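Accompanying notes for the structure given below.
These values consider heavy atoms only, across backbone and side chains, with no hydrogens, waters or symmetry-generated copies. All values derive from a computational prediction rather than experimental measurement.
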Amino acid sequence: MIVLFTDFGWNGPYVGQLHAALALAAPDERVIDLMHDVSRHAVRAAAYLLPSLVEAFPKDTVFLCVVDPGVGSERRAVAMRADDRWYVGPDNGLFQIVEQRAARVECHEILWRPPQLSTSFHGRDLFAPVAAALSKGELPESRLLTPTPRQAAKWPDCLAEVIYIDAFGNAMTGLLAERADKRCALLVHGRDLAYAATFSAVAHGCAFWYCNSSGLVEIAVNQGSAADLLGLRIGDPLELR
């Protein structure tokens, strides 16, 4: 199984071209579009969002992940195996939190290059063929990285920022719900938001925070948009207090 996680968006040809490359290289492999609306170029936000979504997938799943503002530069291409799942994409911090939370990690710099490699679409030309090969149990030419790229620069395990805003205007944060004290208020843009277990537990139009289905603290409004009501954007800071 190959799972796609990108900031491409659904407009334009990019997701379709990614599927075409995978169909050519691994025609029998199942491909799932996990999400293509990761906030554009927001590598750190994506790094905290990705690990909250992977546990729903079985071992040996290959995650093809492209949030790559440095495409075409000297940044490395990597294939990382963490707790029996593969992650393929740029070495720019995108996999850092997955790596930090994993019990077992090995990371390979991808040395293989296709005959034709555009400078602007490594997702299609480089990462897709590598992901296809990994799904078939094959590792293209590479070298093992020891230590792994991010061990020397540990990021905080929880990020007190907005990392994703969905179509409803709900704002996911980088805070792990299991570590959040429900007696605390969440301070965001000068407002203290109380915890509620469900949307219906608060009045219509009321903002609150809750523990979402992916294990993250999320800001929401009952039958409304938290992003609009509170003026939220990716990277906005917050505090549980």
Side-chain angles (χ1 to χ4, degrees), residues 3-12 14-15 32-57 63 65-69 92-98 100-101 155-241:
V3 176
L4 308 182
F5 176 89
T6 82
D7 63 351
F8 293 169
W10 286 104
N11 294 326
Y14 307 113
V15 173
I32 293 178
D33 293 289
L34 178 55
M35 59 188 304
H36 294 293
D37 63 339
V38 176
S39 187
R40 292 175 183 173
H41 316 307
V43 174
R44 186 168 72 160
Y48 283 88
L49 182 59
L50 178 60
S52 72
L53 303 173
V54 302
E55 292 301 321
F57 295 92
F63 289 88
C65 305
V66 188
V67 181
D68 194 14
N92 61 2
L94 183 56
F95 302 139
Q96 177 156 330
I97 303 304
V98 169
Q100 288 179 192
R101 295 178 184 171
W155 289 1
D157 201 41
C158 289
L159 183 67
E161 293 180 7
V162 174
I163 62 171
Y164 177 69
I165 297 173
D166 69 16
F168 293 95
N170 303 323
M172 295 187 193
T173 78
L175 297 173
L176 292 170
E178 64 185 16
R179 301 184 189 176
D181 188 337
K182 297 174 183 177
R183 297 169 297 178
C184 292
L186 184 67
L187 175 64
V188 56
H189 287 189
R191 291 184 56 170
D192 283 326
L193 306 182
Y195 167 81
T198 64
F199 284 70
S200 60
V202 302
H204 178 236
C206 181
F208 65 102
W209 72 269
Y210 75 109
C211 302
N212 75 10
S213 61
S214 298
L216 298 175
V217 168
E218 184 166 316
I219 303 165
V221 169
N222 183 15
Q223 301 180 56
S225 167
D228 290 344
L229 181 66
L230 302 172
L232 299 176
R233 301 182 66 180
I234 302 300
D236 282 353
L238 42 94
E239 180 185 357
L240 273 174
R241 63 178 187 175

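Residues Phe95 and Leu50 form a side-chain contact, since some pair of their non-hydrogen atoms from C-beta on lies under 4.5 Å apart. Within the 4.5 Å cutoff, the side chain of Gln100 has no heavy atoms near those of the Pro51 side chain. Contact annotation: the side chain of Trp155 approaches that of Tyr48 to within less than 4.5 Å [non-hydrogen atoms, C-beta and beyond]. Tyr164 is not listed as a side-chain neighbour of Leu216, based on a closest heavy-atom distance of 4.5 Å or more. Using a 4.5 Å heavy-atom cutoff, the side chains of Thr6 and Tyr14 are not in contact. Contact check for Leu4 versus Leu34: no side-chain heavy atoms found under the 4.5 Å cut-off. Leu193 is listed as a side-chain neighbour of Leu230, based on a closest heavy-atom distance under 4.5 Å. Side chains of Val54 and Arg101 form no contact here, defined as non-hydrogen atoms less than 4.5 Å apart.
Heavy atoms only, all atoms of each residue included: Val188 and Leu232 are closest at CG2-CD2, 3.5 Å. The two atoms that bring Pro156 and Ile97 nearest to each other are O-CD1, 4.0 Å, heavy atoms only. Heavy atoms only, all atoms of each residue included: Ala45 and Ile163 are closest at CB-O, 3.6 Å. Scanning both residues, Val15 and Gly9, for their nearest heavy atoms gives CG2-O, 3.4 Å. Of all non-hydrogen atoms in Asn92 and Val67, the two that sit nearest each other are ND2-O, 3.0 Å. In this structure, Ala220 and Asn170 approach most closely via the heavy-atom pair CB-OD1, 3.5 Å.
If you take CG on Asp236 and CD1 on Ile165, they are separated by 7.5 Å, rounding to the nearest 0.5 Å. Taking CD from Glu161 and CG from Leu175, the interatomic distance works out to 9.5 Å, rounded to the nearest 0.5 Å. A distance of 8.5 Å separates CG of Leu186 from CG of Asp192, quoted to the nearest 0.5 Å. Atom CZ of residue Phe8 and atom CG of residue Asp37 lie 13.0 Å apart, to the nearest 0.5 angstrom. Separating the CZ atom in Phe5 from the NE2 atom in His36 is a distance of 10.5 Å, to the nearest 0.5 Å. Rounding to the nearest 0.5 Å gives a distance of 5.0 Å between CG of Leu49 and CE of Met35.
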- Does the pair Asp181 and Tyr195 meet the rule for a side chain to side chain donor-acceptor pair (under 3.5 Å), with working shown? CA-CA 9 Å; Asp181 188 337; Tyr195 167 81; over 6 Å; no

- Message: Let's go through Tyr210 and Phe199 carefully: what are the C-alpha distance in whole Å and the side-chain angles of both, what is the deciding distance for ring pair (Phe, Tyr, Trp, His ring centres under 6.0 Å) to 0.1 Å, and is it a yes or a no?
- Response: CA-CA 9 Å; Tyr210 75 109; Phe199 284 70; 5.3 Å; yes

- Task: Dump the intermediate steps for side chain to side chain contact (heavy atoms under 4.5 Å, CB included) on Leu238 and Trp209, then the final yes or no.
- Result: CA-CA 11 Å; Leu238 42 94; Trp209 72 269; over 6 Å; no

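With hydrogens and angles disregarded, no donor-acceptor distance shorter than 3.5 Å links the side chain of Asn212 to the backbone of Ala171. Looking only at distances, a side-chain donor or acceptor of Asn222 sits under 3.5 Å from a matching main-chain atom of Val202. Of the possible donor and acceptor atoms, none in the side chain of His41 sits under 3.5 Å from a partner among the backbone N and O of Pro69.
Screening residues 171-180 for side chain to side chain donor-acceptor pair (under 3.5 Å), with sequence neighbours left out, gives Asp157-Arg179. Note on residues 210-222: no pairs pass salt bridge (charged side-chain N to carboxylate O under 4.0 Å, His left out), not counting sequence neighbours.
In Arg233, the CZ atom is not crowded: 12 or fewer heavy atoms of neighbouring residues, nucleotides or ligands sit closer than 6.0 Å.
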